[in-house]
Amino acid sequence: MMLTLLHIPPLPINPPSSPPPRRRRCPPPMAAFASAPQQSKPLVLGCGAVSVDYLATVASFPNPDDKIRSLALKVEGGGNAGNALTGAARLGLSPRIISKASNDALGKSILKELQDDGVDTSYMTIADGGNSPFTYIIVDSQTKTRTCIHTPGYPPMKPEELTKENLFAALHGVEMVYFDVRLHETALLVAEEASQRKIPILVDAEKKREGLDDLLNFASYVVCSANFPQAWTGASSTPVALVHMLLRLPNLKFVIVTRGEKGCLMLERSMTDASETEETDVEDLLESLEQKVDLSSSMAKCVASKSNLRISADGVGSMSGRLLMGTAEAIPSEELIDTTGAGDAFIGAVLYGLCTGMPVEKMLPFAAQVAACGCRALGARTGLPHLTDPRLSL
């Protein structure tokens, strides 16, 4: 007999003819922040996904029509923005979030978890009807992979649900704005206003999504998944794609591509022009960095090229900057539990590094350490470390 992991009550269905559900929101009035005491922690605003994750660990991923039992079960908050901002809060930032949930049991759980970790949910929209987002996650303990089955929230967030008053209040005093490219129409409103205020913007480019290109045009920083640069540019390799991205997006200061156990690559634009310098091919540059890596070390490290090089890519062009390679922390197989949310943990650490002025040579290994902590526990948030965690080195 198949073991039932969870029971979810039937979701409410709103037929087209039914009136839209009433909504309520609970942002503070404009005067609330005017008289508030000065924040001691850097403020960061995130806009994107929140959810509840139902995680089940299994011995191996089931075949079609299989009946299997779970080895472990956990229910906790999820969603890219929710995870990244939770990680940033535990490291010492003061995050705010713009998102949407319903006034159901899942929505109340989403809010409570975020609030308990110090994430300000005052700017979230709460619908009186519908359902909050949730995700089933199957964690394969044999391959150390996870499979996600997501159910979006209903009704979806509309841009008009974020009033100008609430938008201005949410952006007040913020040092960085972060988008996971969900709620893209609302995100674009936030990005436009943040750009007007000269607030730096970080975009998580996990994969091609509706509205991504518009948000990338506002981005100061991009963190992307391993396959995204080539998928977005059509380039022949990842390093060539990174050059392409910096040439195509002139506001971009750096782009990071995460590569799982292979670590990450960062291409950073120089502040000064090196057009008179002899060009260096980006693929040759990467090969030279790879030769400098100490393969005997299990710790996360960073190796960097010289600054202000003229870096070229065949058929793409050249730009002034430097290339950095961060290695991942080697996690023993018996300690590797679940990679769910590893990218979100990495982004939370990058947000912390940027908001606190951490040199990128330190930020990349630090973010890798934070992600490695997260992979040692089931779920995206359970293993997220606090800044005082002895496993982190600053």
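When a residue number appears, it is its place in the shown sequence, counting from 1.
Val50 has its side chain within reach of Met124: a pair of non-hydrogen atoms, C-beta onward, lies under 4.5 Å apart. Side-chain contact check for Phe61 versus Thr147: some heavy-atom pair is nearer than 4.5 Å. The side-chain heavy atoms of Leu93 and Lys41, taken from C-beta on, include no pair separated by under 4.5 Å. Using a 4.5 Å heavy-atom threshold, the side chains of Cys264 and Leu364 count as touching. Annotation: side chain of Pro229 is in contact with side chain of Cys224 (closest heavy-atom distance under 4.5 Å). Residues Lys100 and Pro156 are not in side-chain contact: their nearest non-hydrogen atoms beyond the backbone lie 4.5 Å or more apart. Counting heavy atoms from C-beta outward, Arg376 and Ile331 have side chains that approach closer than 4.5 Å. For the pair Thr356/Leu91, no side-chain contact is recorded, criterion being any heavy-atom separation below 4.5 Å from C-beta on.
With respect to Met176, the side chain to side chain contact (heavy atoms under 4.5 Å, CB included) criterion is satisfied by exactly one of Pro42, Pro200, Ser220: Pro200.
For residues 362-372, the side chain to side chain donor-acceptor pair (under 3.5 Å) pairs, not counting sequence neighbours, are Gln369-Ser393.
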Practice item. Could you go through the ring pair (Phe, Tyr, Trp, His ring centres under 6.0 Å) check for Phe218 and Phe179 one step at a time? Key: CA-CA 11 Å; Phe218 289 103; Phe179 300 101; 8.7 Å; no
Practice item. Evaluate side-chain contact (heavy atoms from CB on, under 4.5 Å) for Met363 paired with Leu354, printing each intermediate quantity in order. Key: CA-CA 8 Å; Met363 183 180 72; Leu354 290 171; 4.2 Å; yes
Practice item. Under the side-chain contact (heavy atoms from CB on, under 4.5 Å) rule, what do Thr258 and Ile347 come out as? Steps first, then yes or no, please. Key: CA-CA 10 Å; Thr258 58; Ile347 288 175; over 6 Å; no
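Listed for the Ser51 side chain is no donor-acceptor partner under 3.5 Å among the backbone atoms of Phe134.
The ring pair (Phe, Tyr, Trp, His ring centres under 6.0 Å) check on Phe254 picks up Tyr221, with sequence neighbours excluded. Thr272 is linked by a side chain to side chain contact (heavy atoms under 4.5 Å, CB included) to Asn308, counting only residues two or more places apart in sequence or in another chain. Applying the side chain to side chain contact (heavy atoms under 4.5 Å, CB included) test to Lys112 and every residue at least two apart in sequence or in another chain returns Asp116. Judged as a salt bridge (charged side-chain N to carboxylate O under 4.0 Å, His left out), and not counting sequence neighbours, Asp214 has no contacts. With sequence neighbours left out, Thr277 forms a side chain to side chain contact (heavy atoms under 4.5 Å, CB included) with Ala274, Arg310. For Asp117, the salt bridge (charged side-chain N to carboxylate O under 4.0 Å, His left out) partners two or more places apart in sequence, or in a different chain, are Arg90. Qualifying side chain to side chain donor-acceptor pair (under 3.5 Å) partners for Glu283, counting only residues two or more places apart in sequence or in other chains: Ser237. In this structure, Glu76 has no salt bridge (charged side-chain N to carboxylate O under 4.0 Å, His left out) partners at least two apart in sequence or on a different chain. Partners of Val174 under the side chain to side chain contact (heavy atoms under 4.5 Å, CB included) rule, at least two apart in sequence or in another chain, are Leu43, Leu45, Arg96, Val177, Ile199. Taking the salt bridge (charged side-chain N to carboxylate O under 4.0 Å, His left out) definition, one finds that Asp314 meets it with nothing, sequence neighbours left out. Not counting sequence neighbours, Phe346 has no partner by the ring pair (Phe, Tyr, Trp, His ring centres under 6.0 Å) test.
Between Tyr136 and Tyr54, the two ring planes are tilted [angle within 30° to 60°].
The OG atom of Ser307 sits 4.5 Å away from atom CZ of Arg322, with the distance rounded to the nearest 0.5 Å.
Counting non-hydrogen atoms of other residues, nucleotides and ligands closer than 6.0 Å to CD of Glu210 gives a total of 12 or fewer. For Asp273, the CG atom is densely surrounded, since the number of other residues' heavy atoms within 6.0 Å is greater than 12.
In terms of heavy-atom proximity, Ala219 sits nearest to Val203 at CB-CG2, 3.8 Å.
A salt bridge does not link Glu290 to Lys262: none of the charged nitrogens lies less than 4.0 Å from a carboxylate oxygen. With salt bridges taken as basic N to acidic carboxylate O contacts below 4.0 Å, none links Lys144 and Glu261. With salt bridges taken as basic N to acidic carboxylate O contacts below 4.0 Å, none links Arg391 and Glu329.
Asn227 and Ser225 form no side-chain donor-acceptor contact under 3.5 Å, judged by distance and modelled atom types alone. Ser318 and Glu279 form a side-chain donor-acceptor contact under 3.5 Å, judged by distance and modelled atom types alone.
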